[in-house]
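Report on the structure given below.
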Amino acid sequence: MIKNNKTERHIISILTKNQPGVLSRISGLFSRRGYNIDGLTVCATEDESYSRMTVTVSATEQTANQIVEQLKKQIDVIKVLDLKSGDVALRELLLIKVNAGAKERSELCDLCTIFKAKALDTTQSTMMFELTGNTSKIDAFIDVLVPYGIIEMARTGGAALERGKNEN
Amino acid sequence: MTGAKILLKSLTELKVDTIFGYPGSSILPVYDALSEFPLRHVLTAHEMGAGFAASGMARATGKPGVVIATSGPGATNLVTAIADAFMDSVPLIAITGNVELKNLGHDCFQEVDIFGMTMPIVKYSYIVKSVNDLEKIIFEAFEIATTGRKGPVLIDIPFDVLKDETDYCGNFSRLPVSSSYDLKDVEKIANLINDAQKPFLYLGGGGVDYSDRIIEFADLIKAQIGVSFMALGSVPSDHKGYVGIVSDDNKPLQEILSASDIVIALGARFNSRISAFDKIKNKTIIQIDIDGAEIDKNVLCNNYLIADIGTALDKLMPLLKEKENKELQNLSPVVKGRGKEIIFELSNFLPDDAVIITDVGLHQIWTACTYPFKKPRTFITSGGLGVMGFGMGTAIGVALATNRKVVLITGDGSLRMNVAEFETAVKLKIDLTVICMNNSSLGLIKKIQSKFYGKRFVECDEPKLNFANLAKAYGGEGITLSRTANVKEALEQSLKMKKPLIIDCEISDKEF
């Protein structure tokens, strides 16, 4: 019996057949059953007949179990893993453009070094950076850039894989 | 062979003998080829009726029912029947025509995205993009619809795919798909049941094919047995320990449920409408279901098995100790009021294997509570979705599938919705008796407004409609049963008629 009622972050990795309609079938399942998606990434896999979706959700254990079971029932779904407890590598990608005049440029480059971000573009008044990392690293980088004035940003959902040889 | 012929050939190979449908321009290639195949096509008055007839066939036999419709409105008219099949886990195959592939998405005449529209209410669906895929898809669709937790599958076929030609390969046979069973709790569950004193079995639709084993199981552990609408008939109503429908109206059952120390749910989803389930949350609850997503969905359980009920009981029963004989309660229906009197009297005239179909409303609840069902699949109703207008089309499908006596118990509200299918029954010369509980009102709405809306009755009264005359207009038989007429005599006479018949029974609108 499930006792834990705390809402926690779950990373759900879904291996699906690469078929028309799969994305709307899966995302539709989340919306109509009232599960909130924090992040969603769809990507190719080593085999072109399959795709991998990585969905991050904040949910109680009961809801997360429900999500996994509902996903398993989908005909197009090959494998579902709730990666919450496992040893997982998760990465997001951030592209961010901030106000940066000549004065701020070197300071921003220092921040880049600390976070291992890449400067992608510079104009007289702006700079654009690229960063990959887990959610908290990306959050932290955005936080330090706020004072400069964020012009716009694009952030992907997570892509996640279990570490080690685990085939389940 | 054209796509249309491949479709029909595949259906014949899959042992389909009857399909229901309605023609329209996008699906015409199929109609054009119909006469070349040993298939009976039943033309209904409305696609919804065809959808429910196919559903009725599936509900009565467990085998897939097939409905075909054209694109656009033909397809949308199937939506309610598909949703109903999804809620009640019915293997329905819905085949729709669509506009040509190159025109998909161009808002053409009678084009609708039925694939997208039905996505949340199908077990699976296809848009067939090439005639070369068609045969495989049809076989796969039947596989999906009938294995694991059953459900509807939609196949949307563009016009040119029906016209294109390819070879029929005949290679696709239905392979058993592996089910992911989880039986690791079986010993723990056996111990819990062995330690329990007062087990309560709650049966749902998932057990309908395993009634013999369920009865053995119940007898072994001396359980009280309550059922959901979907399981009514799985256990004979006079069986020791049987206490009827689990509903908020069945107060004596709730007492028995409260007094039990373990609740074992077999293929049931703990309907959210029933508040009795709120009171069992502190009991030991065991869930056995083929669908892992049902575990812990509406009620949290202690232990569970994921498997079909037959497999699960085969594993579980050898581990159980036979419990000592003890007094088990049986609840007999309380036959109060004209409606229930008619329903109960009806059971004296019908064989045990007669199939009772209902629509949705007061008459449905009266039937479920009153009629002494004896066999599985003899009570057919729209359980999950609660579709008024379900009954008439469904009754036609059931009658054609079973060749048994079929009685539709309905109300004037529900019958109004799809009464046009009565003509289909007349056309097919089906031995169908319709018992219409005519209170010139929407009785269940009245009951709810009376109980929860301070008796403010809004939009629940209807003019008096003479359904007996209507039946005659459609070419069938009709009789009116006044409030004082002798029920026995009337039933005795009318059930002998072999023509489709509506018995229009006058009921007081004060009778809830």
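Chain letters run A, B, ... following the sequence lines, proteins first, then strands; residues in each count from 1.
- With a threshold of 4.5 angstrom between heavy atoms, Arg32(A) approaches chain B through side-chain atoms but not through N, CA, C or O.
- Atom CG of Leu29(A) is separated from atom CE of Met119(B) by 11.0 Å, given to the nearest 0.5 angstrom.
- The neighbour count for Lys73(A) NZ, taken as heavy atoms of other residues, nucleotides or ligands under 6.0 Å away, is above 12.
- Around atom NZ of Lys137(A), more than 12 heavy atoms belonging to other residues, nucleotides or ligands sit under 6.0 Å away.
- Proximity of Asp296(B) to Gln66(A): side-chain heavy atoms (C-beta onward) are nowhere separated by under 4.5 Å.
- Ile127(B) does not touch chain A: none of its heavy atoms, backbone or side chain, sits under 4.5 Å away.
- Neither the backbone nor the side chain of Tyr304(B) comes within contact range of chain A; no heavy atoms are under 4.5 Å apart.
- Side-chain contact check for Arg25(A) versus Pro120(B): every heavy-atom pair is 4.5 Å or farther apart.
- For Lys17(A), the NZ atom is densely surrounded, since the number of other residues' heavy atoms within 6.0 Å is greater than 12.
- With a 4.5 Å cut-off on non-hydrogen atoms, Gln19(A) touches chain B through its side chain but not through its backbone.
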Test side chain to side chain contact (heavy atoms under 4.5 Å, CB included) applied to Glu69(A) and Ile295(B), step by step: CA-CA 9 Å; Glu69(A) 290 301 331; Ile295(B) 308 298; over 6 Å; no
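- When side chains are defined from C-beta on, Lys297(B) counts as touching Gln70(A), because their heavy atoms get closer than 4.5 Å.
- Taking 4.5 Å as the limit, every side-chain heavy atom of Ser180(B) sits out of range of all side-chain heavy atoms of Lys72(A).
- Looking at Val122(B), the atoms closer than 4.5 Å to chain A (heavy atoms on both sides) all sit in the side chain, from C-beta outward.
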